[in-house]
Amino acid sequence: MENKPPTDVSNSKKRKRSDGPKPQSQSPLAIKKQKLLVSRQNLPIWSRQKDIRESLRQHSILVLSGETGSGKSTQVPQFLLTEPWCTGKIAVTQPRRVAAISLARRVAEEMGSPLGASSPASKVGYSVRFDDNTSAGTRIKYLTEGMLLQEMLRDGALSQYSCVVVDEVHERSVDVDLLLGFLKQLLESGKRKKPLKIVVMSATADVESLSRFFSTPTPKSEETSNGTVHGDDEEFQGFSDDEQSTPAEKSQVSTCRVEGRQYPVKLHYIDKPTEDVVDAALQRIMHLHCKEPMPGDILVFMTGQEIIHGLQKLVEELAGNLPPEYPRLLVLPLFAALPQAAQQRIFERAPPNTRKVILSTNIAETSVTVPGVRYVVDTGKAKIKQYRNRLGLESLLVKPISKSSADQRKGRAGREAAGQCFRLYTQQSYEELEKDTKPEILRCDLSNAVLKMKARGVDDVFSFPFLTPPNREAMEKSLLQLLLLGTLNEDGKINDIGRKVARLPLTPTLGRIVLEAARPERDCLLEVIDIIACLSVENIFLPTDTEEAREKALEARSQLHRRQGDHLTLLAAVQAYAAETSDRKRWATTHLISHRAMQNVLNVRKQLTTQCKSLLPNPTVRSTVDEDTQENILKCFLKGYHGNNIARLCPDKTYKTFAGNQTVAIHPSSVLFGRKVEAVVYNEFVFTTKAYARGVSAIQLKWLEDVWGSS
DNA sequence: CTATGAGCG
């Protein structure tokens with residue numbers, strides 16, 4: 001569902017004039033508040049205000065389902081703020097930063113309050129990574145799920161909050177699944193002195209499983225010797241599922257359903273399955289363009305960058321040959337890796353007599369709202385991450401989307417007016433789709449989630465209250481991984497290293513590499529932080545989609561390239577960028593490097609160096625990276641990868657992985673592409689057209705003994 | 001020898 005509140009485009013100056021004189025005492029904020037009240041009262045959720053307030057007086061948990069346009073994300077926190085039990089703050093979690101920020105802005109306006117830290121009188125703020133815009137008086141705090149998880153690691157009882165509103169639960173991010181489990185355990189633990197109210201909000205009608213989740217007591221841990229964070233389970237023993245739970249327990253949870261507000265969208269299917277969706281999309285786009293009236297832009301959902309570029313070429317070719325009496329066509333690709341300026345083009349108005357066609361990945365399904373769309377073309381496919389226990393790695397596969405995803409895509413045609421949706425598959429195929437997308441926690445490497453649980457005191461992770469429990473094999477794999485990393489002891493309990501790694505904003509592997517770099521024998525903390533910072537943000541190198549662009553980039557970045565490999569090349573890039581004091585943006589442009597990514601790198605670098613102060617108060621500062629340091633840097637990575645992510649050159653001139661003896665090629669984006677060295681360490685193993693190693697550096701085999709010999 | 005989705009800390 002869409003969180004972004006509708007942008008208010010009405011002209012407030014004009015309004016002020018035409019409304020006649022206001023009393024002098026009315027501040028601009030108060031005037032705005034008064035004006036917004038009317039549109040608030042027209043939201044579908046407004047009529048349910050009484051019910052919602054009443055149900056949380058009676059119960060501690062409310063499961064609320066409401067579709068796009070119901071107003072739940074902005075109104076529910078305001079309804080609850082004046083309730084007698086609400087003496088503390090209200091947290092409202094969002095899966096994405098932009099949503100947290102824009103919702104906070106909107107609600108501040110509606111309440112006539114200044115935003116965040118701008119004034120002590122502010123009642124509304126937000127908190128996202130690198131941007132905490134709250135003050136002591138903040139009552140409603142919009143924040144990302146990840147930020148609330150971090151807060152729960154510091155203050156296990158969430159003592160400053162009276163209420164947590166968990167929004168967009170249907171998206172089922174790993175973080176939201178962890179949050180729901182932690183919140184359930186907190187309610188059952190009896191650790192709260194004052195009551196904590198929980199509102200769980202979802203765009204789908206799937207209220208049943210959420211309310212069952214909260215009304216079913218968490219079964220007691222299998223290993224009774226392990227104290228868990230939930231303390232009061234004895235009294236719940238014997239109730240393991242819904243049928244056995246008593247009415248009294250059920251009544252903890254109340255439910256509410258609110259209608260959405262959407263224009264109708266006419267649905268079309270194809271009659272028989274197609275082999276070639278790109279061609280089918282091409283035909284449909286041209287047909288729509290020639291037959292349907294203007295205005296009305298077309299949004300096409302596709303799987304990835306490559307086929308988007310392919311279709312773009314085809315459409316532009318056909319559009320160029322159209323007779324002059326037809327409107328023009330403007331084709332715009334849209335995917336996350338596209339530079340910000342190119343993404344912005346979808347928001348610009350098209351030239352006169354021109355129809356926009358946006359060829360997009362899943363980014364337009366939830367994260368970006370494309371304006372002006374009346375027609376949606378849906379290929380019915382998406383790239384979906386999957387974790388393979390056997391190989392211990394994640395891969396992306398092109399797979400059919402779920403029904404709820406297809407319906408979400410369809411809804412994108414009805415945001416501004418009635419629209420149409422063309423599914424490039426049969427109605428029968430639609431009926432055969434899964435109802436919902438598999439929650440991510442069932443499809444990913446669990447080591448990060450498991451380490452967070454361990455850091456919160458959940459010793460027996462198998463009895464953790466998951467909304468959908470991952471299979472045992474995946475859990476065991478992550479425990480083994482964490483054990484090998486040295487973050488857990490043999491008995492599975494978290495150790496000192498583990499607690500430190502859990503607090504770093506990194507995957508356990510990258511966190512472990514940073515800790516390794518802080519050891520006196522390695523002494524390369526600042527250098528490794530620079531590299532790790534690059535690995536934890538989007539690609540710092542701007543994408544190169546043509547042969548020409550590739551050659552240009554190669555030349556522009558030539559001074560940054562290090563023949564030892566990608567790790568030292570990243571380090572050189574960060575150091576050169578940081579050393580540039582006059583005009584960093586220009587520096588980035590001339591080197592074909594993303595300025596935004598580099599700003600993020602510097603932010604991450606600052607955060608990591610601050611957090612590492614306690615590990616190593618005075619790390620060595622170097623102006624040049626000598627050979628010993630280079631070796632130490634790569635040895636930190638070898639340590640973190642504990643035998644994985646290494647390949648050596650074989651007599652047949654291919655690289656084979658050290659652990660599995662599998663052929664792997666160096667990725668074309670690597671500075672080592674095409675080079676033959678004794679052995680390599682790499683950050684990622686990806687399988688696309690074939691098996692590739694990405695983020696690659698040359699190593700010497702004799703280093704391995706040194707790394708594995710010293711613990 | 002030539003190029004995975006989007007999102008979070």
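In this text the structure is predicted, and so the values were computed from the model without any measurement. Each chain gets a letter, A, B and so on, in the order its sequence line appears, and its residues count up from 1.
- Note on Asn539(A): nothing from the nucleic acid sits closer than 4.0 angstrom, heavy atoms only.
- In the set dA6(B), dG5(B), dA3(B), the nucleotide with an atom closest to the side chain of Thr544(A) is dA3(B).
- For the pair Glu440(A) and Arg97(A), nearest-nucleotide mapping onto DNA chain B gives the more 5' position to Glu440(A).
- Panel note: side chain Asn133(A), backbone Gly125(A); no donor-acceptor pair is recorded below 3.5 Å.
- Panel note: side chain Thr379(A), backbone Val277(A); no donor-acceptor pair is recorded below 3.5 Å.
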For this session: Mind running salt bridge (Lys or Arg N to Asp or Glu O under 4.0 Å) on Lys399(A) and Glu434(A) for me, showing each step along the way?
Result: CA-CA 11 Å; Lys399(A) 293 183 81 173; Glu434(A) 295 285 328; over 6 Å; no
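- Of the residues in residues 494-511 of chain A, those placing a heavy atom less than 4.0 Å from an atom of DNA chain B are Leu504(A), Pro505(A), Leu506(A), Thr507(A), in numerical order.
- Put simply, CG on Leu148(A) is 21 Å from P on dG7(B), counting in whole angstrom units.
- Nucleic acid contact class of Gly674(A) (heavy atoms, under 4.0 Å, all strands): base.
- Using a distance-only test at 3.5 Å, with no hydrogens or angles considered, a donor-acceptor pair links the side chain of Gln343(A) to the main chain of Leu338(A).
- Note on ring orientation: taking the six-membered ring where Trp is involved, the planes of Tyr430(A) and Tyr425(A) are parallel (angle under 30°, cut-offs 30° and 60°).
- The residue Thr144(A) sits close only to the backbone: its heavy atoms come under 4.0 Å of sugar-phosphate atoms, none of a base.
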Exercise. For Phe637(A) and Tyr682(A), what are the C-alpha separation, side-chain angles and deciding distance, and is it a ring-ring contact (aromatic ring centres under 6.0 Å, His included)?
Worked result: CA-CA 9 Å; Phe637(A) 282 85; Tyr682(A) 52 88; over 10 Å; no
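- If you check dA3(B), dA6(B), dG9(B) against the side chain of Arg129(A), the one that comes closest is dG9(B).
- Residue Ser669(A) places no side-chain N or O under 4.0 Å from the OP1 or OP2 atom of dT2(B).
- Rounded to whole angstrom, the span from the CZ atom of Phe687(A) across to the P atom of dG5(B) amounts to 16 Å.
- To the nearest angstrom, P of dA6(B) lies 8 Å from CD1 of Ile308(A).
- In this structure, CG of Leu396(A) is placed 14 Å from C1' of dA3(B), rounded to the nearest angstrom.
- As a whole-Å value, the separation of His309(A) NE2 from dT2(B) P is 20 Å.
- Protein atom CG of Leu153(A) is 14 Å distant from nucleotide atom P of dG9(B), rounded to whole Å.
- Residues from residues 602-612 of chain A that place a heavy atom under 4.0 Å from any atom of DNA chain B: there are none.
- Between the CZ atom of Arg409(A) and the P atom of dG5(B) there is a distance of 13 Å, given to the nearest Å.
- The residue Val128(A) sits close only to the backbone: its heavy atoms come under 4.0 Å of sugar-phosphate atoms, none of a base.
- Listed by chain and residue number, Glu684(A) satisfy the salt bridge (charged side-chain N to carboxylate O under 4.0 Å, His left out) test with Arg694(A) (two or more places apart in sequence, or in another chain).
- Within the nucleic acid shown, Ser173(A) has no heavy atom closer than 4.0 Å to any nucleic acid atom.
- Among the heavy atoms of the strands lying under 4.0 Å from Tyr692(A) are primed sugar atoms or P, OP1, OP2 only; no base atom is included.
- Listed nucleotides: dA6(B), dG9(B), dG5(B). Nearest to the side chain of Phe335(A): dA6(B).
- Screening Thr509(A), Asp496(A), Leu482(A), Ile494(A) for a side chain to side chain contact (heavy atoms under 4.5 Å, CB included) with Thr487(A), the sole residue that qualifies is Leu482(A).
- Which of dG9(B), dA6(B), dA3(B) sits closest to the side chain of Pro668(A) comes down to dA3(B).
- Distance Gln343(A) CD to dA6(B) C1': 11 Å, rounded to the nearest Å.
- Residue Lys690(A) is the one, among Lys690(A) and Thr303(A), whose nearest nucleotide of DNA chain B lies closer to the 5' end (criterion: closest heavy atom).
- Phosphate proximity of dA6(B) to Thr361(A): present, with a side-chain N or O under 4.0 Å from OP1 or OP2.
- Across Leu446(A) and Ile441(A), no two heavy atoms sit closer than the pair CD2-O, 3.5 Å.
- Ionic pairing of Lys403(A) and Asp407(A) is not present here: no N-O contact between side-chain nitrogen and carboxylate oxygen is shorter than 4.0 angstrom.
- Within the 3.5 Å criterion, the main-chain N or O of Arg562(A) finds a donor-acceptor partner in the side chain of Thr569(A).
- Nearest to the side-chain atoms of Lys383(A) among the listed nucleotides dC8(B), dG5(B), dA3(B) stands dG5(B).
- Residue contacts shown for Ala665(A) are absent, as no nucleic acid heavy atom lies under 4.0 Å away.
- Among the protein residues, Gln150(A) comes within range of the sugar-phosphate backbone only, with heavy atoms under 4.0 Å from sugar or phosphate atoms but none that close to a base.
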